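Predicted, not measured: the structure shown is a model, and the values here were computed from it. Sequential numbering from 1 along the given sequence is applied to the chain's residues.
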Amino acid sequence: MTSPQPWKFDFASTAAQVANDSSKRYADPPGYVGSKDIAAKGHKGGKSMEVDQELLKVKKAWDVALAPGKQLPMQAFMLWMSGNSVQIFSVAITAMLMFSPIKALFSMSQVFERYETVSPVKVHFTDSKLALPKVTFIAMQILTILLGMWKLNAMGLLPTSHSDWLAFLDPKTPIEYAA
């Protein structure tokens with residue numbers, strides 16, 4: 001008598017074995033969460049759920065902090081398309097680029113307050129979990145302002161040469177007069 005071939009599958013005998021055997025013969029596939037696992041996870045307590053919520057808040061705070069950096073390439077393209085001459089369109093785009101990050105910096109506390117956790121004790125800024133996202137948000141807004149300053153310089157609206165400051169210099173007094 002020959003042994004059963006390993007590639008052959010007998011449905012009748014397997015169904016009877018599974019009905020009699022209470023333990024699992026096969027491991028669950030990756031990513032599958034059975035109802036027993038969900039029920040066991042729910043009985044762990046609320047602490048792990050609070051930690052998950054805290055991690056989710058920090059992740060969303062990082063998304064908010066990095067959002068201005070994701071807009072930089074599009075804003076740079078808009079500045080390039082507006083040209084370097086002083087026209088109403090290029091000045092309006094540059095003004096929008098300069099004032100938007102300033103308004104965002106002044107409203108930073110409202111932007112990040114939904115991601116703060118309520119704590120009974122006062123937490124120092126450097127000990128906060130949102131310290132790095134806030135610093136990143138500030139850095140991205142400063143990069144946007146610097147992009148606007150570069151555009152103002154390219155249009156010639158920033159006083160960077162000596163001739164821009166002639167009104168504030170004393171006139172030279174001649175040492176000698178020729179008649």
Determine, using the 4.5 Å side-chain heavy-atom cutoff (strictly less than), whether L79 and L143 are members of one ILVMFWY cluster.
yes

Would you give the length of the straight line joining atom NZ of K70 to atom CG of D63, rounded to the nearest 0.5 angstrom?
5.5 Å

side-chain contact (heavy atoms from CB on, under 4.5 Å) between S90 and M155: does it pass, once the steps are laid out?
CA-CA 9 Å; S90 59; M155 288 192 299; 3.6 Å; yes

In Å and rounded to the nearest 0.5 Å, what is the CZ to NZ distance from R114 to K57?
11.5 Å

Backbone N or O of M96 within a donor-acceptor pair of the S100 side chain at under 3.5 Å?
yes

Under a 4.5 Å side-chain heavy-atom rule over Ile, Leu, Val, Met, Phe, Trp and Tyr, are L146 and F137 clustered together?
yes

Using the rule that two of Ile, Leu, Val, Met, Phe, Trp, Tyr join whenever any of their side-chain heavy atoms come within less than 4.5 Å, decide whether V64 and L56 are in one cluster.
no

Keeping K151 on the side-chain end and G83 on the backbone end, is there a donor-acceptor pair under 3.5 Å?
yes

In L97, I102, L105, the residue satisfying side chain to side chain contact (heavy atoms under 4.5 Å, CB included) with T144 is L97

Mark yes when over 12 heavy atoms from residues, nucleotides or ligands other than I88 sit less than 6.0 Å from its CD1; otherwise mark no.
no

With a 3.5 Å distance limit and no angle check, can you tell me whether N153 reaches the backbone of M149 through a side-chain donor-acceptor pair?
no

Would you name the heavy atoms of I145 and P101 that are closest together and state the gap between them?
CG1-CG, 3.7 Å

Ionic contact status for K134 with E116, cut-off 4.0 Å
yes

Looking at CD of E113 and CG of L130, how far apart are the two atoms once the value is rounded to the nearest 0.5 Å?
11.5 Å

With under 30° as parallel and over 60° as perpendicular, where do the rings of F77 and W80 fit, or are they tilted in between?
tilted

What are the two closest heavy atoms between A61 and F112, and how far apart are they?
O-CE2, 3.7 Å

Measuring from L72:CG to M74:CE, what's the distance to the nearest 0.5 Å?
12.5 Å

Closest heavy-atom pair, G69 versus M140, reported as atoms and distance to 0.1 Å, is CA-SD, 3.5 Å

Identify the heavy atoms of A154 and N84 that sit nearest to each other, and give their distance.
CB-OD1, 3.7 Å

Hey, does the side chain of S82 reach the backbone of F89 with a donor-acceptor pair shorter than 3.5 angstrom?
no

